[in-house]
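Hydrogens, waters and symmetry mates are skipped; everything else that's a heavy atom, side chains included, is used. For the single chain, residues carry numbers from 1 onward in sequence order.
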Amino acid sequence: MRYDDIVIPDTPVCWGALEVATRYHSPSLLNNSVRAYLWAAAYAGLHGIAFDLELLYVSSMLHDIGLTAEFDSHTVPFEEAGGHVAWAFAAGAGWPVERRTRAAEVIIRHMWDEVPLAEDPEGHLLELSTGMDISGRRTDEIPAELRQEVLARHPRLEIAKEFAACVTDQGTRKPSSLAGGFVRAGLIDRIARNPLDD
């Protein structure tokens with residue numbers, strides 16, 4: 001599989017999600033969002049997993065929007081805040097309630113330890129791909145040449161440093177959140193050892 005084999009959905013709602021991500025994310029978080037979709041779509045293609053391209057793309061673009069200053073919540077974890085943003089965005093895009101709810105679910109579930117493939121293929125893929133990009137988990141399941149192409153087109157920039165700071169802040173302010181649990185379990189060390197940064 002090569003970069004050009006990955007299908008990028010070309011729809012108005014996907015353009016809108018990319019525009020929102022570009023407006024509110026730092027360059028590092030934006031590239032992380034793009035890579036999250038690319039790793040997920042590539043993995044799905046390599047393993048014959050059927051998924052909703054538009055739903056996964058929109059969810060990938062908005063999965064970390066709750067980390068941004070404009071959408072950070074002091075009352076709910078960042079993934080839940082992101083789910084709320086996605087629901088509102090999808091309502092504006094004209095998606096029916098069920099599809100808006102799916103976008104929110106996919107974003108919330110990306111922080112789970114595991115999302116069952118049979119229950120939620122898009123949630124499964126986003127949880128997997130964000131783990132790849134942030135901590136380097138299972139990156140060997142993406143062919144080396146494809147990894148190099150993705151990183152050349154969408155470089156990591158300061159994502160390790162920036163995400164470590166964001167998740168530490170989330171964990172400090174919201175200690176009962178999944179982010180807080182991940183920080184206590186050593187996520188910052190795993191970020192620092194991500195093979196994608198070698």
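- With sequence neighbours left out, the salt bridge (Lys or Arg N to Asp or Glu O under 4.0 Å) criterion links Arg138 to Glu141.
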| task | Could you check Leu187 against Arg190 for side-chain contact (heavy atoms from CB on, under 4.5 Å), going step by step and ending with a plain yes or no? | result | CA-CA 5 Å; Leu187 176 62; Arg190 294 196 300 278; 3.8 Å; yes
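- Under a hydrophobic-cluster definition in which Ile, Leu, Val, Met, Phe, Trp and Tyr are linked whenever side-chain heavy atoms come within less than 4.5 Å, directly or via other members, Leu29 and Met61 are assigned to different clusters.
- Not counting sequence neighbours, the partners of Tyr43 by the ring-ring contact (aromatic ring centres under 6.0 Å, His included) test are His47.
- Not counting sequence neighbours, Thr172 has no partner by the side-chain hydrogen bond (donor to acceptor under 3.5 Å, both in side chains) test.
- Rounding to the nearest 0.5 Å gives a distance of 9.5 Å between CE of Met132 and CG of Leu125.
- Looking only at distances, no side-chain donor or acceptor of Asp72 sits under 3.5 Å from a matching main-chain atom of Leu67.
- Applying the side-chain hydrogen bond (donor to acceptor under 3.5 Å, both in side chains) test to Ser176 and every residue at least two apart in sequence or in another chain returns nothing.
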| message | Please evaluate residues Asn194 and Asp197 with respect to the criterion side-chain contact (heavy atoms from CB on, under 4.5 Å), reporting the C-alpha separation (whole Å), side-chain torsions for both, the decisive distance (0.1 Å), and the verdict. | response | CA-CA 6 Å; Asn194 189 332; Asp197 288 321; 3.9 Å; yes
Using a 3.5 Å cut-off and no angle test, enumerate the donor-acceptor pairs between side-chain atoms of residues 79-92 and protein atoms at least two apart in sequence or in another chain.
none

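- The two atoms that bring Arg109 and Asp120 nearest to each other are NH1-OD2, 2.8 Å, heavy atoms only.
- Using a 4.5 Å cut-off on side-chain heavy atoms (C-beta onward), Asn31 and Pro155 make contact.
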| request: Take Arg137 and Glu127 through the salt bridge (Lys or Arg N to Asp or Glu O under 4.0 Å) test and state the conclusion after the steps. | output: CA-CA 11 Å; Arg137 182 170 50 97; Glu127 182 276 322; 2.6 Å; yes
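- For residues 55-70, every residue pair satisfying the side-chain hydrogen bond (donor to acceptor under 3.5 Å, both in side chains) rule, not counting sequence neighbours, is listed here: Asn32-His63.
- Taken to the nearest 0.5 Å, the CG atom of Leu53 stands 11.5 Å off from the CG atom of Asp10.
- Looking only at atom types and distance, the side chain of His154 has no donor-acceptor partner in the side chain of Tyr37 under 3.5 Å away.
- Atom OG of Ser177 sits about 7.0 Å away from atom CE of Met111, to the nearest 0.5 Å.
- In terms of heavy-atom proximity, Val20 sits nearest to Leu62 at CG1-CD2, 3.8 Å.
- For Arg2, the side-chain hydrogen bond (donor to acceptor under 3.5 Å, both in side chains) partners are Glu145, Glu149, not counting sequence neighbours.
- Contact of the Glu122 side chain with the Leu126 side chain is not registered, since no non-hydrogen atoms from C-beta on lie closer than 4.5 Å.
- Atoms OG1 and CZ, from Thr168 and Arg173 in turn, are 11.5 Å apart once rounded to the nearest 0.5 Å.
- For Ala42, the side-chain contact (heavy atoms from CB on, under 4.5 Å) partners two or more places apart in sequence, or in a different chain, are Met1, Ile6, Ile142, Leu146.
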| Asp52 and Arg99: salt bridge (Lys or Arg N to Asp or Glu O under 4.0 Å), yes or no, with the steps? | CA-CA 11 Å; Asp52 182 323; Arg99 192 162 172 77; 2.6 Å; yes
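- The minimum heavy-atom distance linking Gly136 with Pro195 is given by the pair CA-CD, 3.8 Å.
- Distance check, rounded to the nearest 0.5 Å: CG of Leu55 to CZ of Arg100 gives 13.5 Å.
- For the residue pair Leu46 and Pro143, the shortest heavy atom distance occurs at CD1-CD, 3.5 Å.
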| request: Could you walk me through whether Ile191 and Ile134 pass side-chain contact (heavy atoms from CB on, under 4.5 Å), step by step? | output: CA-CA 6 Å; Ile191 291 172; Ile134 293 301; 3.7 Å; yes
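- Within the structure, ring pair (Phe, Tyr, Trp, His ring centres under 6.0 Å) contacts touching residues 7-26 (residues at least two apart or in different chains) are Tyr24-Phe71.
- Applying the side-chain contact (heavy atoms from CB on, under 4.5 Å) test to Leu151 and every residue at least two apart in sequence or in another chain returns Arg35, Trp39, Arg156, Leu196.
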Expected list for residues 159-167: side-chain donor-acceptor pairs under 3.5 angstrom, two or more places apart:
| residue | atom | partner | partner atom | Å |
| --- | --- | --- | --- | --- |
| Glu162 | OE1 | Ser26 | OG | 3.0 |
| Glu162 | OE2 | Ser26 | OG | 2.5 |

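- In this structure, CZ in Arg23 is found 14.0 Å from CG in Leu18, a value given to the nearest 0.5 Å.
- Lys174 contributes no side-chain N or O that, together with a main-chain N or O of Asp169, makes up a donor-acceptor pair within less than 3.5 Å.
- For the residue pair Glu54 and Thr11, a side-chain donor N or O sits within less than 3.5 Å of a side-chain acceptor on the partner.
- Take Asp5 and apply the side-chain hydrogen bond (donor to acceptor under 3.5 Å, both in side chains) test, not counting sequence neighbours, and it matches no residue.
- Contact annotation: the side chain of Asp113 approaches that of Phe182 to within less than 4.5 Å [non-hydrogen atoms, C-beta and beyond].
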| field | salt bridge (Lys or Arg N to Asp or Glu O under 4.0 Å) between Arg153 and Asp4, intermediate numbers included | value | CA-CA 12 Å; Arg153 294 190 192 205; Asp4 290 339; 3.5 Å; yes
